Amino acid sequence: MKFTVPVACSACGCDFKTLGYGALTFPPATCPRCGQTIHIIDPLTISIIAERLLYRSQAELENSDFTMPIICSAMAIETALTRLFLKWKEIEHGFPATPTAEVDREAWEKEYRVGVGRGGFANSANFVSKYLTGKSLNDFVDDFVARSKPATLITAGLTVPKSHLKTDYIHKELFNRRNRIMHWGKVDYDKAEAQKAFGAALAAIAVLKVIDKRKADELDRRLFARPATGTTAS
């Protein structure tokens, strides 16, 4: 899979794009304006492949292909959901101190399939959200938005209306369109429809990243909590 990634040159301020391939490490990029060599690293994220699928979605959208962005965006969210579940299964298992074996991954994949059942995005999202937060995705969104200041929401990438972060909206704008492509052969979507699908994918990824960070923060508190101190009567 080829995709493009945006690059900003720190030397001259030039913004340009460079090619990436599949899961390979990025080769050094050269600024077209000043010739500066730039080393590109992947962001800390739930799933590198999900991020790269979103880069591919954006590139297809910019190239006026309005079907592939929908397919790639849906694949990105499905990848992120399964990877998020497996990541925390590995951590609970004791990774990295306890290596993860193939039989462990197969058992967790089966657990994921059984937990999700035959439902669509909402089932998958709610299964992962309940596993990590104890709440459905919609309930987590409601609670997080209610407790967060505007600056926190902006930093988290949750800049759209709260209704756009919920399962019904994401299914309607993204997965329903993907299903029409796969099941009905509908491939005549327009730019506005593709943009809505891509935007729904970005919203879903942002929510999953918030869930992941919340779980990581809880783990840090448990690991680094100081035991209560007190005085003992002599």
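Positions are given from 1 along the sequence. If you're wondering where the values come from, they're calculated on a predicted model, not measured in any experiment.
- With sequence neighbours left out, the ring pair (Phe, Tyr, Trp, His ring centres under 6.0 Å) criterion links H171 to no other residue.
- Between E60 and R56, at least one side-chain N (NZ, or NE/NH1/NH2) sits under 4.0 Å from a carboxylate O, which counts as a salt bridge.
- A search for side chain to side chain donor-acceptor pair (under 3.5 Å) contacts involving D188 returns K186, not counting sequence neighbours.
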Just list the side-chain donor-acceptor pairs under 3.5 Å for residues 90-97, sequence neighbours left out, or say none.
unit_1	atom_1	unit_2	atom_2	d
E90	OE1	R83	NH2	3.3
E92	OE1	Y131	OH	3.1
E92	OE2	Y131	OH	3.3
H93	NE2	D104	OD2	3.4

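- A distance-only check finds no donor-acceptor pair linking the side chain of T79 to the backbone of A50 [under 3.5 Å].
- With sequence neighbours left out, the ring pair (Phe, Tyr, Trp, His ring centres under 6.0 Å) criterion links F121 to F175.
- By the salt bridge (Lys or Arg N to Asp or Glu O under 4.0 Å) test, K213 pairs with D217, sequence neighbours left out.
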Taking only distance into account, with no hydrogens and no angle test, what donor-acceptor pairs under 3.5 Å do side-chain atoms of residues 134-141 form with protein atoms, sequence neighbours excluded?
unit_1	atom_1	unit_2	atom_2	d
K135	NZ	D143	OD2	3.1
S136	OG	D139	N	3.2
S136	OG	D139	OD2	3.3
N138	OD1	T167	N	3.0
N138	ND2	T167	OG1	3.4

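- The salt bridge (Lys or Arg N to Asp or Glu O under 4.0 Å) pairs that include a residue from residues 111-124 are K89-E111, where partners are two or more places apart or lie in different chains.
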Enumerate, atom names and distances included, each donor-acceptor pair closer than 3.5 Å involving a side-chain atom of residues 5-34, sequence neighbours excluded.
unit_1	atom_1	unit_2	atom_2	d
K17	NZ	E62	OE1	2.5
K17	NZ	E62	OE2	3.1
R33	NH1	C12	O	3.2

_Residues K87, D212; criterion side-chain contact (heavy atoms from CB on, under 4.5 Å); working and verdict_ = CA-CA 10 Å; K87 166 189 171 178; D212 182 53; 2.8 Å; yes
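- Two residues are said to be in side-chain contact when any heavy atoms from C-beta on lie closer than 4.5 Å; T100 and R105 meet this criterion.
- In this structure, CG in N179 is found 10.0 Å from CH2 in W184, a value given to the nearest 0.5 Å.
- Taken to the nearest 0.5 Å, the NZ atom of K149 stands 11.5 Å off from the CG atom of L153.
- Here E173 pairs with R177 in a salt bridge; the nearest charged N to carboxylate O distance falls below 4.0 Å.
- For K162, the salt bridge (Lys or Arg N to Asp or Glu O under 4.0 Å) criterion is met by D142, not counting sequence neighbours.
- Interatomic distance, I41 CD1 to I48 CD1, rounded to the nearest 0.5 Å: 10.0 Å.
- Between the side chain of S148 and the backbone N or O of F144, at least one donor-acceptor pair lies under 3.5 Å.
- Here T159 pairs with I154 under the side chain to side chain contact (heavy atoms under 4.5 Å, CB included) rule; sequence neighbours left out.
- By the side chain to side chain contact (heavy atoms under 4.5 Å, CB included) test, D190 is found to be paired with A192, E193, residues two or more places apart in sequence or in another chain being considered.
- The ring pair (Phe, Tyr, Trp, His ring centres under 6.0 Å) check on F66 picks up nothing, with sequence neighbours excluded.
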